[in-house]
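All values below were derived from every heavy atom in this structure, side-chain atoms included, with hydrogens, water molecules and symmetry-related copies excluded. The structure presented is a predicted model; accordingly, all values stated were derived computationally and were not measured.
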Amino acid sequence: QVQLVESGGGLVQAGGSLRLSCAVSGRTVRTYAMGWFRQAPGKEREFVAAISWRGGSTYYADSVKGRFTISRDNAKNTVYLKMVSLKPEDTAVYYCAADPWGLGAPTEREYNYWGQGTQVTVSS
């Protein structure tokens with residue numbers, strides 16, 4: 001059983017920074033592509049960023065490119081999402097997801113395991 005637990009969300013002012021963490025248990029994260037998705041109130045869940053299982057490839061939504069950075073620490077079985085220059089429109093519940101042997105797809109259906117989410121609120 002693979003479990004994902006996100007942490008690091010919170011309330012921050014526009015222009016501020018946060019780092020989200022996703023701790024993976026049950027299996028080594030080494031063989032999973034990991035993705036971050038987010039869902040704002042009243043909106044569909046959307047892709048944010050992903051990293052391939054090898055860690056050599058990263059992908060970002062246009063809306064966060066240049067501001068967000070996804071990374072992984074296989075030794076700690078943890079994936080991170082560093083967010084800088086946050087905007088009010090980044091306010092959402094952020095979810096991490098795992099795709100066995102994946103390449104870092106931007107689509108939800110590729111991901112088998114999901115965390116419960118962590119709230120990020122950016123005030124203007």
- Checking ring pair (Phe, Tyr, Trp, His ring centres under 6.0 Å) for the pair Phe37/Trp114: CA distance, chi angles, key distance, verdict? CA-CA 10 Å; Phe37 292 76; Trp114 291 81; 5.0 Å; yes
- Does the side chain to side chain contact (heavy atoms under 4.5 Å, CB included) test come out yes or no for Asp90 and Phe68, once each step is laid out? CA-CA 11 Å; Asp90 294 318; Phe68 290 12; 3.9 Å; yes
- Task: Apply side chain to side chain contact (heavy atoms under 4.5 Å, CB included) to the pair Glu108 and Arg45, showing each step before the final yes or no.
- Result: CA-CA 9 Å; Glu108 291 187 42; Arg45 190 156 57 184; 3.1 Å; yes
- Given Leu20 and Tyr80, is the side chain to side chain contact (heavy atoms under 4.5 Å, CB included) satisfied, shown in steps? CA-CA 6 Å; Leu20 305 184; Tyr80 304 98; over 6 Å; no
- Test Asn74 against Thr28 for side chain to side chain contact (heavy atoms under 4.5 Å, CB included), laying out the working first. CA-CA 8 Å; Asn74 289 340; Thr28 175; 5.7 Å; no
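Of the possible polar contacts, none joining the Tyr59 side chain to the Val48 backbone as a donor-acceptor pair under 3.5 Å is found. Put simply, the side chain of Thr91 gets close to the backbone of Val122: a donor and an acceptor are under 3.5 Å apart. The backbone N or O of Ser57 sits less than 3.5 Å from a side-chain atom of Ser52, completing a donor-acceptor pair. With hydrogens and angles disregarded, a donor-acceptor distance shorter than 3.5 Å links the side chain of Thr118 to the backbone of Gly9. When atom types are taken as modelled, the side chain of Asn77 and the backbone of Val24 share a donor-acceptor pair closer than 3.5 angstrom. The closest donor-acceptor contact from the side chain of Glu6 to the backbone of Gly117 lies under 3.5 Å. Side-chain N or O atoms of Thr78 include one that pairs as donor or acceptor with a backbone N or O of Lys76 at under 3.5 Å.
Using a 4.5 Å cut-off between side-chain heavy atoms of Ile, Leu, Val, Met, Phe, Trp and Tyr, with links allowed through other members, Val120 and Val79 fall into the same hydrophobic cluster.
Contact record, Ala33 with Leu103: CB-N, 4.0 Å, taken as the closest heavy-atom pair. Taking every heavy atom of both residues into account, Tyr111 and Ala50 meet most closely at OH-CB, 3.5 Å. Of all the heavy atoms in Ser124 and Ala14, the pair that sits closest is CA-CB, 4.3 Å. The minimum heavy-atom distance between Leu18 and Leu86, with the atom names listed, is N-CD1, 3.9 Å. Ser85 and Arg67 get closest at one heavy-atom pair: O-NH1, 3.0 Å. Pairing each heavy atom of Ala98 with each of Leu4, the nearest pair is N-CD2, 3.9 Å.
Sparse packing is recorded around CD of Gln116, with 12 or fewer heavy atoms of other residues, nucleotides or ligands lying under 6.0 Å away. Heavy-atom neighbours of Lys43 NZ from other residues, nucleotides or ligands within 6.0 Å: at or below the threshold of 12.
For the pair Asp99 and Asn112, the minimum side-chain heavy-atom distance is below 4.5 Å. With contacts defined as side-chain heavy-atom distances shorter than 4.5 Å, the pair Tyr32/Val2 qualifies. When side chains are defined from C-beta on, Thr69 does not count as touching Leu81, because their heavy atoms never get closer than 4.5 Å. Looking at heavy atoms from C-beta onward, Pro100 lies in side-chain contact with Tyr113 at the 4.5 angstrom threshold. Put simply, the side chain of Arg72 reaches to within 4.5 Å of the side chain of Met34, judged on heavy atoms.
Between Tyr94 and Arg38, the side chains place a donor N or O and an acceptor N or O closer than 3.5 Å (distance only, hydrogens not considered).
Under a 4.0 Å N-O distance rule, the pair Asp62/Lys65 qualifies as a salt bridge.
How far SG of Cys22 is from OH of Tyr95: 13.0 Å, rounded to the nearest 0.5 Å. Here the straight-line distance linking atom CE of Met83 with atom OG of Ser17 works out to 8.5 Å at 0.5 Å rounding.
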